[in-house]
Peer 1: 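Structure provided below as structure tokens; questions to follow.
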Amino acid sequence: MAKDTNYWLVKCEPHETSFDDLKVRPKRTGYWRGVRNYQARNFIRDGMNKGDLAFFYHSNCDEPGVAGIADIVKAGYPDPSQFDKKHRYYDEKATDDNPRWFSFDVKWKKKFKSFVHLADLKGNKKLNDMKVVQRGQRLSIQPVTKKEFDEVCKMGGV
DNA sequence: GCCAACGTTGGC
DNA sequence: GCCAACGTTGGC
């Protein structure tokens, strides 16, 4: 039984991996590790499904905004970094039976014809309720409604 | 580099 | 359970 598609906005710092970097990778895939925020964790673990779509958002950079769309190709599996003692994101309280943190994988899907800047999102009244435009919103994984998704796609020329 | 906003930690 | 201190995020 196919589940409904959910929509997301996932933040990435482009100096680590930009949307264009993702495109030239083998299989055009990338994965998120080290999400250590419980709200974000819950979204990844409980809400995200293979086949969902996500905005690839560039954060903490000169031009914050949405670069394009990625497919969620794998979702809600335990983040391996929590079990690795040498890893920066090691968590001693996590066990195989009871993992605390979760990962997901994305695949480059489509680049916007025009990059949608954060300022553009803030300037669109239809997107007033979108999480990313709200002040102090730091969640790195955010749910997006279908309406918001469609509107931002329109702005991006897709 | 500044700083507001938010999450987490730990003393009490 | 309160709350101050601290660390992080991320726009500007």
Side-chain angles (χ1 to χ4, degrees), chain A residues 6-23 25 29-48 52-70 72 75-106 108-145 147-149 151-158:
Chain A
N6 290 321
Y7 302 92
W8 307 95
L9 179 147
V10 298
K11 294 184 184 174
C12 192
E13 305 198 1
H15 66 83
E16 288 175 6
T17 307
S18 72
F19 196 54
D20 288 338
D21 292 340
L22 187 66
K23 186 180 184 181
R25 281 191 174 186
T29 57
Y31 51 76
W32 259 249
R33 300 274 187 273
V35 175
R36 294 293 182 267
N37 170 287
Y38 286 104
Q39 250 185 297
R41 187 278 307 270
N42 293 344
F43 286 133
I44 298 170
R45 184 188 60 187
D46 306 330
M48 195 180 266
D52 287 354
L53 296 173
F55 289 137
F56 196 100
Y57 180 87
H58 287 173
S59 69
N60 200 16
C61 57
D62 289 345
E63 290 189 279
V66 179
I69 301 167
I72 304 296
Y77 64 94
D79 182 342
S81 69
Q82 68 193 307
F83 305 124
D84 179 357
K85 282 193 177 171
K86 291 181 198 134
H87 200 282
R88 176 182 168 202
Y89 292 117
Y90 174 66
D91 185 337
E92 59 179 6
K93 290 178 185 151
T95 63
D96 287 335
D97 288 341
N98 195 13
R100 272 190 158 188
W101 308 110
F102 290 80
S103 285
F104 62 97
D105 296 0
V106 300
W108 190 97
K109 183 180 175 71
K110 198 165 186 24
K111 185 176 179 172
F112 280 173
K113 285 200 185 74
S114 51
F115 186 89
V116 179
H117 295 260
L118 177 59
D120 299 332
L121 297 174
K122 286 182 171 171
N124 186 334
K125 283 188 181 167
K126 291 180 189 168
L127 301 176
N128 279 351
D129 292 334
M130 201 172 171
K131 288 201 190 312
V132 74
V133 304
Q134 278 150 33
R135 76 194 313 244
Q137 182 50 264
R138 305 185 313 181
L139 254 189
S140 58
I141 312 298
Q142 304 182 357
V144 172
T145 66
K147 270 189 183 173
E148 290 163 352
F149 190 85
E151 181 65 20
V152 177
C153 285
K154 208 191 291 176
M155 294 168 76
V158 173

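All values reported here derive from a predicted model rather than from experimental measurement. Side chains are part of it too, since the values below use all heavy atoms of this structure and drop only hydrogens, waters and symmetry mates. Residue numbers start from 1 in every chain, and the chains themselves are labelled A, B, ... in the order their sequence lines are given, proteins ahead of strands.
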Peer 1: I need the CZ-P distance between A:Arg100 and B:dG7, as an integer number of Å.
Peer 2: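 My rounded result for the distance is 17 Å.
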Peer 1: Could you state the CG-P distance from A:Asn37 to C:dT9, rounded to the nearest angstrom?
Peer 2: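 Rounding to the nearest Å, CG of A:Asn37 and P of C:dT9 are 10 Å apart.
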Peer 1: Between C:dG11 and A:Tyr57, is there an OP1 or OP2 to side-chain N/O distance shorter than 4.0 Å?
Peer 2: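 Looking at the OP1 and OP2 atoms of C:dG11, one of them is under 4.0 Å from a side-chain N or O of A:Tyr57.
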Peer 1: Report yes if at least one side-chain N or O of A:Gln39 is closer than 4.0 Å to OP1 or OP2 of B:dG7; otherwise report no.
Peer 2: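 Checking B:dG7 against A:Gln39, a side-chain N or O does come within under 4.0 Å of OP1 or OP2.
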Peer 1: Just how far, in rounded Å, is C1' of C:dC12 from NE2 of A:His117?
Peer 2: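 Spelled out: NE2 on A:His117 to C1' on C:dC12 is 15 Å.
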Peer 1: Does a side-chain N or O from A:Arg135 land closer than 4.0 Å to OP1 or OP2 of B:dA5, or not?
Peer 2: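 Yes, such a contact exists.
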Peer 1: Looking only at the side chains, is there a donor atom on one of A:Ser59 and A:Arg138 sitting less than 3.5 Å from an acceptor on the other?
Peer 2: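 There is no such pair (donor and acceptor under 3.5 Å, judged by atom type) between the side chains of A:Ser59 and A:Arg138.
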Peer 1: With a distance cut-off below 6.0 Å to the six-membered ring centre and an angular limit of 45° from the axis, does A:Arg41 pair with A:Phe43 as a cation-pi contact?
Peer 2: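 Verdict for A:Phe43: no cation-pi partner in A:Arg41.
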Peer 1: In terms of side-chain heavy atoms of A:Tyr38, which of B:dT8, B:dA4, C:dG11 is nearest?
Peer 2: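 The closest nucleotide is B:dT8.
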Peer 1: Just to confirm, is there a sub-4.0 Å distance from OP1 or OP2 of C:dG10 to any side-chain nitrogen or oxygen of A:Lys11?
Peer 2: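 Yes.
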Peer 1: Take atom CD1 of A:Ile141 and atom P of B:dC6, then tell me their distance rounded to the nearest Å.
Peer 2: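 Computing the A:Ile141:CD1 to B:dC6:P distance gives 19 Å.
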Peer 1: May I have the distance from A:Leu118 (atom CG) to C:dT9 (atom P), rounded to whole angstrom?
Peer 2: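 Result: 18 Å.
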Peer 1: A:Gln137 CD to C:dT8 C1': how many Å, rounded?
Peer 2: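 Value for this atom pair: 14 Å.
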Peer 1: Using atom CD of A:Gln134 as one end and atom P of C:dG10 as the other, report the distance to the nearest whole Å.
Peer 2: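 Rounded to the whole Å, the gap is 15 Å.
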Peer 1: Verify whether one side chain among A:Asp84 and A:Tyr89 offers a donor that lies under 3.5 Å from an acceptor in the other.
Peer 2: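 Distance-only check fails for A:Asp84 and A:Tyr89.
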Peer 1: Would you call A:Asp91 and A:Arg36 a salt bridge, using N to O less than 4.0 angstrom?
Peer 2: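 No, this pair does not count.
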Peer 1: Measure from the side chain of A:Lys122, starting at C-beta and using heavy atoms only, and say which of C:dG10, C:dG11, B:dC6 lies closest.
Peer 2: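 Nearest listed nucleotide: C:dG11.
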Peer 1: In whole angstrom, what separates A:Glu63's CD from C:dG10's P?
Peer 2: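 To the nearest whole Å, that distance equals 17 Å.
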Peer 1: Going by atom types only, do A:Arg33 and A:Ser81 share a side-chain donor-acceptor pair under 3.5 Å?
Peer 2: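 No, no side-chain donor-acceptor contact under 3.5 Å.
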Peer 1: Hey, which sits more toward the 5' end of DNA chain B by its nearest nucleotide, A:Arg36 or A:Asn60?
Peer 2: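 Nearest-nucleotide comparison on DNA chain B picks A:Asn60.
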